[in-house]
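In what follows, a single structure is set out as C-alpha cells and then discussed.
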Amino acid sequence: MSSERYNPRATEPKWQKIWEDRGTFRTRDDLTAPKYYVLEMFPYPSGRIHMGHVRNYAMGDVVARYKRAKGFNVLHPMGWDAFGMPAENAARQNKTDPAAWTYANIDTMRSQLKSMGLSIDWSREIATCKPDYYKHQQRMFLDFLDAGLVDRKKSKVNWDPIDQTVLANEQVIDGRGWRSGALVEQKELTQWFLKIASYSAELLAGLDELDRWPDKVRTMQKNWIGRSEGCLVRFVLGTSDDSKHQTIDIFTTRPDTLFGARFLAIAPDHPLARSAAEDRKDISEFIDECRRGGTTAEAIETAEKKGIDTGLWAVHPFDDQWKIPIFVVNFVLMEYGTGAIFGCPAHDQRDLDFANAVGLGNTPVICPADETAESFKVDKIAYDGDGVLINSRFLDGLSSSAAKQEVIKRLGSVVIDGQPQAISKVNYRLRDWGISRQRYWGCPIPVIHCSDCGTVAVPKEDLPVVLPTDVSFDRLGNPLDHHPSWKFTKCPKCQGDAVRETDTMDTFVDSSWYFARFTDANNTSAPMSREIADHWLPVDQYIGGIEHAILHLLYARFFTRALKKIGLVGISEPFRGLFTQGMVVHETYKSSTGEWLQPTEVEFSNGPAGRIAVSLADASPVSIGAIEKMSKSKRNTIDPEDIMNSLGADTARLFMLSDSPPERDVIWSEEGVHGSFRYVQQVWRLIGDIASLAPDTFSDIPTAFSKEAMDIRRGVHSHLARVEENIERLRFNTSIAEIRKLTNFLGVTLSEIDTVPSNDVVFAFREAAEIVVRMFAPMMPHLAEECWSVLGFKTPVSEATWPTVDASLTAKDEIILPVQVNGKKRGEICVAADADESHIRAEALQLEAVQKTLDGRTPTKIIIVPKRIVNVVL
RNA sequence: GCCCCUAUGGCGGAACUGGUAGACGCGUCCGACUCAAAAUCGGAUUCUGCAAGGAGUGCUGGUUCGAUUCCGGCUAGGGGCACCA
C-alpha cells in the first residue's frame with residue numbers, strides 16, 4: 001500500500017524538466033501525418049498570469065494532449081501580443097523602457113505558464129514586438145498597398161488637447177481624457193486604413209461555413225457587418241434660382257413609403273449641413289452640440305430626437321410641386337449610408353418621434369392587414385411592418401415589396417446629372433479598418449513622406465523599419481515624432497530630404513496573422529512557407545474570450561483573405577473551430593470601513609445565519625459581497641502562482657475544468673479548490689493500491705473472466721467511451737465527472753475484493769489503472785506521469801497513446817428498463833437486451849407497483865421504446 | 001430602444017436527437033478511526049409526510065402515452081449593440 005501523500009511541489013517541476021529534455025511536445029516537421037492545430041488566444045504580457053489565463057490554457061492543453069494521444073501531430077504554440085499601450089503608460093509613469101518592461105513581463109509569464117505544465121512547443125515562441133516578427137508585417141503592409149487593399153484618408157479621432165495624444169474610445173470617460181481630464185475634441189487626421197469594408201459581403205457569407213463557431217459569435221459578427229438592402233434616391237434641392245441645380249442622395253430601405261415623406265434629415269457632418277451652418281449661427285451651434293453628445297448606442301437611444309430647420313427644401317421625386325423641408329438632426333450618422341434620409345414619420349419610430357416633436361405630422365402609407373385605409377391612423381407608435389399601400393397615388397393597393405420595386409423602376413428611368421434617380425443598393429455598416437496609431441510601442445508603418453514625391457513606400461529591401469530604442473517619454477505626444485533623428489530620412493525615389501511615417505499599426509494587426517506565423521515560426525526569410533501554412537491552417541480549435549467575438553476575429557478573418565490575395569496562404573477562414581470560455585469570478589469582500597479586502601485577508605466561520613467573514617488583521621466584521629469577475633480594483637483576485645506553489649498546477653487545472661461548463665463563468669472558491677486537491681490525493685492512493693496489487697502489465701490476457709472481473713472491465717470501458725465523447729465536445733466538466741465516477745467505482749470495488757484475488761480480477765484492475773491514468777493525463781498531467789511511473793512504465797504517459805474502447809465490453813446483454821404508469825415511474829424491470837415486446841410487456845405488468853397503480857383496471861395501451869422505457873397507459 | 005442568451009436542490013451543475021429529473025462535485029448532518037484534533041474513510045442530504053403516498057426543473061397555457069427538453073404568452077437575470085434610414 002502506498003501511504004505517502006502526493007507532493008506536487010516536488011513532482012511537477014521534475015516532469016516539466018523531463019518533458020522539456022525529451023522534447024515531448026515538439027511538433028514534428030512532418031506534413032504527411034494527420035495534423036491538429038489547437039491554439040489559445042495569445043496573452044498580452046501585462047506582468048503576471050491571472051486565473052483567466054489558467055482556465056484558457058488548461059482547456060487548450062486538454063485538447064492538445066488528448067489529440068496528441070489520439071495520434072495527431074499536434075501544433076500547440078505560445079507567443080506574446082507584445083505591443084500596446086500599457087508598456088507606454090508604464091514608461092511614462094515609472095521611467096522604464098517599454099521594451100525592457102515588456103521582455104521582463106514575458107520572462108515572468110513564460111515561467112509561470114511553464115509551471116502550469118502546458119504541452120506547448122516553446123521552440124515556436126513569438127513576440128510581436130520583435131523586429132523578426134514585425135518585419136514580415138511591414139512587408140505584408142507594402143504588399144497590401146500594391147494589391148489595393150490599403151487606403152489613406154481623413155478620419156475623426158478623439159484628441160486630448162492637454163496630453164497631445166489620440167485616445168482610444170475606452171480612454172474617453174464622460175467626454176474627458178482618462179488621464180488629463182481634458183474635454184476631448186473630435187479632430188480630423190489623415191490615417192491609414194485597410195479596406196475591410198470591401199470584403200463585407202464575403203465576410204458575411206463566410207459565417208455560414210463556420211459551423212463550429214458559437215452561434216452567438218456568428219450573430220454578433222453578422223450584426224456588426226450589418227447588411228441592409230435598399231436603394232439610393234436622388235432628391236433635387238429647391239432654390240429660388242432655377243439655374244443652380246443641386247441634388248442630395250439619400251439611402252433608404254423603405255422606398256415604398258416615399259409618399260409618406262414629411263422631411264429630409266441630414267447628419268450634422270453632412271456637407272449640406274456644413275454649408276448651411278456658414279451663415280446660420282443657430283445651425284453651427286446645433287452641430288457643435290451634436291458633436292459633444294455621447295456616442296454609445298445607449299446614450300443615443302435615450303437622447304431626445306432633435307433637429308433644426310435649415311430653411312432648405314427638396315422636391316418630391318414624384319411631384320415637383322411638393323416641397324420637403326430639410327432638417328439637420330442628431331439621429332442621422334454621416335458614417336452610414338449617405339448621411340441623409342427621408343423621414344417617413346408614420347412608418348419609422350425615430351422619424352415619428354422627431355415629427356411629433358417639431359409638429360410635422362404624418363401620413364400613413366402602409367396599411368397593416370387588420371386595418372383599413374380609412375381607419376388606420378398613426379399617433380405615437382410607428383408601424384414598421386409590411387402591408388398594402390394607401391395614400392400613395394399610383395402605388396395604392398400594391399404590397400410593400402411590389403411598391404419598393406415599382407418606385408425603383410420608375411425613378412430608375414429618370415436621369416438626373418447623368419445618373420438614374422434611384423438605384424438598388426446593398427449597404428453595409430462595416431467601415432474600413434483604421435490602423436494608424438499615433439504611438440511609439442507598435443509596428444512602424446513602412447512609409448516615407450516626401451514633399452516632392454508624396455507618400456512613398458519604404459523599399460522592401462530596406463525592411464524592417466525598426467523602432468528606435470533611445471526614446472524619451474518626457475514630452476507629450478508621440479515619441480517617434482519628436483525623436484531627434486529617427487524620422488528624418490531620404491526619399492527612396494528622389495533622394496531628397498523626407499520624413500518617415502511616425503504612426504504605428506493598431507495591435508489588432510499583430511494578432512491578425514500570428515496563428516499563421518506559428519506554423520513556421522522560425523522562418524527568417526518569409527512570414528511562413530506557403531506549403532507549411534497551408535498544411536497547418538486553418539486552426540482546428542481556437543479558444544479564447546468572448547470579448548474578442550467581433551473585432552479580433554473579424555480582423556483575422558479579413559486579414560487571412562488579404563494574405564490569400566497576396567498569395568501567402570491558400571485559405572480564407574483562419575479558425576475552423578472556435579470556443580469562447582467563460583470568466584473566472586470570485587466573491588468580493590468589504591471591510592466595515594468600506595475598503596475592498598483580498599480573499600487572503602479574510603477568515604470565515606459558520607454562524608447561525610450562514611457564512612460569516614471577519615478580517616484576519618483585526619477580527620472586525622467583513623461583508624461578503626457579490627460574485628464578480630476577478631479584478632484588481634475589487635481586490636478579489638487569486639494569484640495562480642500561489643495556488644500552484646501550494647496545491648500544485650494539477651489541482652488548479654482540475655478545478656478550472658470541473659464543475660462549471662467551460663463556456664460559463666466559474667466561481668473560484670477555496671472549498672472547491674480543496675476538493676480538487678483531495679481528489680488528486682485520492683487518485684494517487686488508488687493507483688498506488690492497484691500498483692501494489694498488480695505491479696506489472698500482463699503479457700497474457702486471461703482466457704476467462706469471472707463476473708467480478710467483467711464488471712470492472714465493463715465499467716472502465718463504458719466510462720472511457722463517455723470521457724472520450726465529452727472531451728471531443730469540449731465538455732470538460734462532464735468528462736471529469738465521468739472520471740470521478742470511474743475512480744469512485746474502482747475504489748469501492750478494490751476495498752471489497754478478497755485478500756487474495758483471482759488472476760482475472762488482478763488483470764481487470766491492472767487494465768483499469770493503465771486506462772484511467774491515460775484518461776486523466778490531459779487534465780492532471782503531472783499526477784498522471786507519477787502514477788504511470790508507479791505502474792512501472794519507463795516512458796512518459798504524455799507520449800503514450802489514448803486507450804481504445806473495447807466495444808464488446810460496452811455492449812450490454814442485460815438492461816434495466818424503467819416502467820411508467822401514465823408517464824410516472826413506478827418501478828423497473830431487468831430484461832435481456834434483445835427481449836421481445838411480449839416478454840417486456842408481461843414483466844412490466846407483473847410489477848407489484850404497477851399492479852397496485854392499475855388497481856384492477858385494464859391498460860388502454862402499453863408503449864415500449866426499445867432499450868429506453870415502458871409506459872403503461874390507462 | 002433593438003438583438004441574443006440563461007433560469008433545475010442550501011450551492012456549482014448533470015440529463016444523448018421528447019423517455020428513470022437532480023449524475024459528479026461543494027456545503028451540511030450523522031458515524032468510524034483518534035486521548036484529541038487534522039487528514040482519511042463510510043452513510044444521509046429536492047420539498048412534504050411517521051408511512052404509504054403526494055408535489056417538483058422561473059410563471060402560465062398548449063402539443064404528446066410521456067416535456068428540464070418542442071410551441072405560444074409572461075417574469076426575472078445576464079450579455080451584445082448601430083437612432084443604420
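Hydrogens, waters and symmetry mates are skipped; everything else that's a heavy atom, side chains included, is used. Here is the naming used below: chain letters follow the sequence lines, and residue numbers restart at 1 for every chain.
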| task | Name the orientation class of the two ring planes belonging to A:His548 and A:Phe508 (parallel below 30°, tilted from 30 to 60°, perpendicular beyond 60°). | result | perpendicular

| request: Using the C1' atoms only, state how far B:rU17 lies from B:rG78, rounded to an integer number of Å. | output: 29 Å

| query | Mind checking the C1' distance from B:rC35 to B:rC24? Whole angstroms is fine. | reply | 37 Å

| request: Please step through side-chain contact (heavy atoms from CB on, under 4.5 Å) for the pair A:Ile667 and A:His586, ending with a clear verdict. | output: CA-CA 5 Å; A:Ile667 303 169; A:His586 194 281; over 6 Å; no

| query | Reckon A:Asn427 touches a base, only the sugar-phosphate, or nothing at all at heavy-atom distances under 4.0 Å? | reply | nothing

| message | Rounded to whole Å, please give me the gap between CG in A:Leu742 and P in B:rG25. | response | 12 Å

| request: Quickly work out the A:Met779 CE to B:rC24 P distance and round it to whole Å. | output: 17 Å

| said: With rounding to the nearest 0.5 angstrom, report the CZ to CD1 distance, A:Phe331 to A:Ile341. | reply: 5.5 Å

| query | Hey, is the side chain of A:Asn744 poking within less than 4.0 Å of OP1 or OP2 on B:rG25, counting only N and O atoms? | reply | yes

| said: Please evaluate residues A:Asn871 and A:Lys825 with respect to the criterion side-chain contact (heavy atoms from CB on, under 4.5 Å), reporting the C-alpha separation (whole Å), side-chain torsions for both, the decisive distance (0.1 Å), and the verdict. | reply: CA-CA 8 Å; A:Asn871 193 7; A:Lys825 189 192 166 191; over 6 Å; no

| Which pairs pass salt bridge (Lys or Arg N to Asp or Glu O under 4.0 Å) with one or both residues in residues 740-753 of chain A, sequence neighbours excluded? | A:Glu738-A:Lys741

| said: If the cut-off is 4.0 Å, is A:Ser669 near the phosphate of B:rC11, judged by side-chain N/O to OP1 or OP2? | reply: no

| Base, sugar-phosphate, or nothing: which does A:Val872 touch, judged by heavy atoms less than 4.0 Å apart? | nothing

| Aromatic centroids of A:Phe655 and A:Phe677 separated by under 6.0 Å | no

| query | Which nucleotide in the set B:rA23, B:rU20, B:rU40 lies at the smallest distance from any side-chain heavy atom of A:Arg685? | reply | B:rU40

| field | Syn/anti state for B:rG9 [syn: chi within 90° of 0] | value | syn

| Hey, is CZ on A:Arg212 packed in by over 12 heavy atoms from elsewhere, all under 6.0 Å? | yes

| So what does A:Gln820 hit on the nucleic acid, given a heavy-atom distance under 4.0 Å: a base, only sugar-phosphate, or nothing? | base

| query | So, is A:Arg731 near the phosphate of B:rA15, with a side-chain N or O under 4.0 Å from OP1 or OP2? | reply | yes

| message | We want to know whether A:Arg557 and A:Gln221 form a side-chain donor-acceptor pair, criterion being a heavy-atom distance below 3.5 angstrom. | response | yes

| query | Is the CD atom of A:Glu671 crowded by more than 12 outside heavy atoms at less than 6.0 Å? | reply | yes

| message | Contact between A:Ile326 and A:Phe263 at the side-chain level, heavy atoms closer than 4.5 Å - yes or no? | response | no

| Near RNA chain B, which residues from residues 672-680 of chain A have a heavy atom under 4.0 Å away? | A:Gly675, A:Arg678

| said: Please verify the inter-ring angle class for A:Phe259 with A:His316; under 30° counts as parallel, over 60° as perpendicular, anything in between as tilted. | reply: parallel

| request: Take atom C1' in B:rA21 and the same atom in B:rA7, then report the distance between them in whole Å. | output: 16 Å

| Under 4.0 Å protein heavy-atom contacts per nucleotide of nucleotides 42-52 of chain B, with B for base, S for backbone only and - for none | ----------S

| task | Using the C1' atom on both, measure B:rC16 against B:rU69 and round to a whole Å. | result | 12 Å

| query | If you measure from the C1' atom in B:rG9 to the same atom in B:rG61, how many Å do you get, rounded? | reply | 26 Å

| Say you pick atom P in B:rA32 and the same atom in B:rA67; how far apart are they, in whole Å? | 46 Å

| note | Stem ranges of RNA chain B by first residue number, counting only runs of at least 3 Watson-Crick or G-U pairs under 3.5 Å, come to B:1-7 with B:75-81, B:10-12 with B:24-26, B:27-32 with B:40-45, B:46-48 with B:53-55, B:58-62 with B:70-74

| said: From C-beta outward on A:Met220, which listed nucleotide comes closest to its side chain: B:rA85, B:rC4, B:rG80? | reply: B:rG80

| message | Taking B:rU64 as the reference, what is the distance to B:rG19 when you measure between their C1' atoms (whole Å, please)? | response | 12 Å

| Starting at CD1 of A:Ile736 and ending at C1' of B:rA14, how long is that distance when rounded to a whole Å? | 14 Å

| query | To the nearest Å, how far apart are A:Lys824 NZ and B:rA67 P? | reply | 11 Å

| query | Quick one: which of B:rC26, B:rA85, B:rC83 gets closest to the side chain of A:Asn330? | reply | B:rC83

| request: Using a 4.0 Å heavy-atom cut-off across all strands, classify A:Arg227 as base, sugar-phosphate, or nothing. | output: nothing

| task | Look at all strands and tell whether A:Glu828 reaches a base, only sugar-phosphate, or nothing, counting heavy atoms closer than 4.0 Å. | result | base

| remark: Per atom distances to the A:Glu671 side chain, the nearest of B:rA85, B:rA14, B:rC26 is B:rC26

| query | Whole Å only: how far is the CD1 atom of A:Ile667 from the C1' atom of B:rC26? | reply | 11 Å

| field | Cation-pi geometry met for A:Arg429 and A:Trp224 (6.0 Å, 45°) | value | yes

| With respect to the side chain of A:Ile550, which nucleotide from B:rC81, B:rC26, B:rC4 is positioned closest? | B:rC81

| message | Please classify the nucleic acid contact of A:Lys825 as base, sugar-phosphate, or nothing, using heavy-atom distances under 4.0 Å. | response | base

| message | I'd like the P distance from B:rC33 over to B:rU48, given in whole Å. | response | 33 Å

| query | Where do A:Arg254 and A:Ser400 land on the side-chain contact (heavy atoms from CB on, under 4.5 Å) test, with the steps shown first? | reply | CA-CA 9 Å; A:Arg254 295 300 300 269; A:Ser400 297; 4.2 Å; yes

| Using a cut-off of less than 4.0 Å, is there contact between a side-chain N or O of A:Asn733 and OP1 or OP2 of B:rA14? | yes

| request: Figure out the CD1/P separation between A:Ile869 and B:rA15, and round it to whole Å. | output: 18 Å

| field | Within residues 650-664 of chain A: residues closer than 4.0 Å to RNA chain B (heavy atoms) | value | A:Asp659, A:Ser660, A:Pro661, A:Arg664

| query | Which sits closer to the 5' end of RNA chain B, A:Arg350 or A:Arg826, going by the nucleotide each is nearest to? | reply | A:Arg826

| query | If you measure only the distance, is there a donor-acceptor pair under 3.5 Å linking the side chains of A:Tyr428 and A:Ser198? | reply | no

| field | Spacing of A:Phe732 atom CZ relative to B:rA23 atom P, expressed in whole Å | value | 24 Å

| Between A:Thr734 and A:Asn726, a side-chain donor and acceptor under 3.5 Å | yes

| query | Partners of A:Asp384 by side-chain contact (heavy atoms from CB on, under 4.5 Å), sequence neighbours excluded? | reply | none

| note | Among the nucleotides B:rA85, B:rC24, B:rA15, whichever has the atom closest to the side chain of A:Thr252 is B:rA85

| said: From CG of A:Asn871 over to P of B:rG19, roughly how many Å is that when rounded to an integer? | reply: 13 Å

| said: Go through it in stages, so that I can follow the logic: the residues are A:Glu828 and A:Ile816, the test is side-chain contact (heavy atoms from CB on, under 4.5 Å), and I'd like the CA-CA distance, side-chain angles, deciding distance and then a yes or no. | reply: CA-CA 7 Å; A:Glu828 50 192 30; A:Ile816 290 171; 3.7 Å; yes

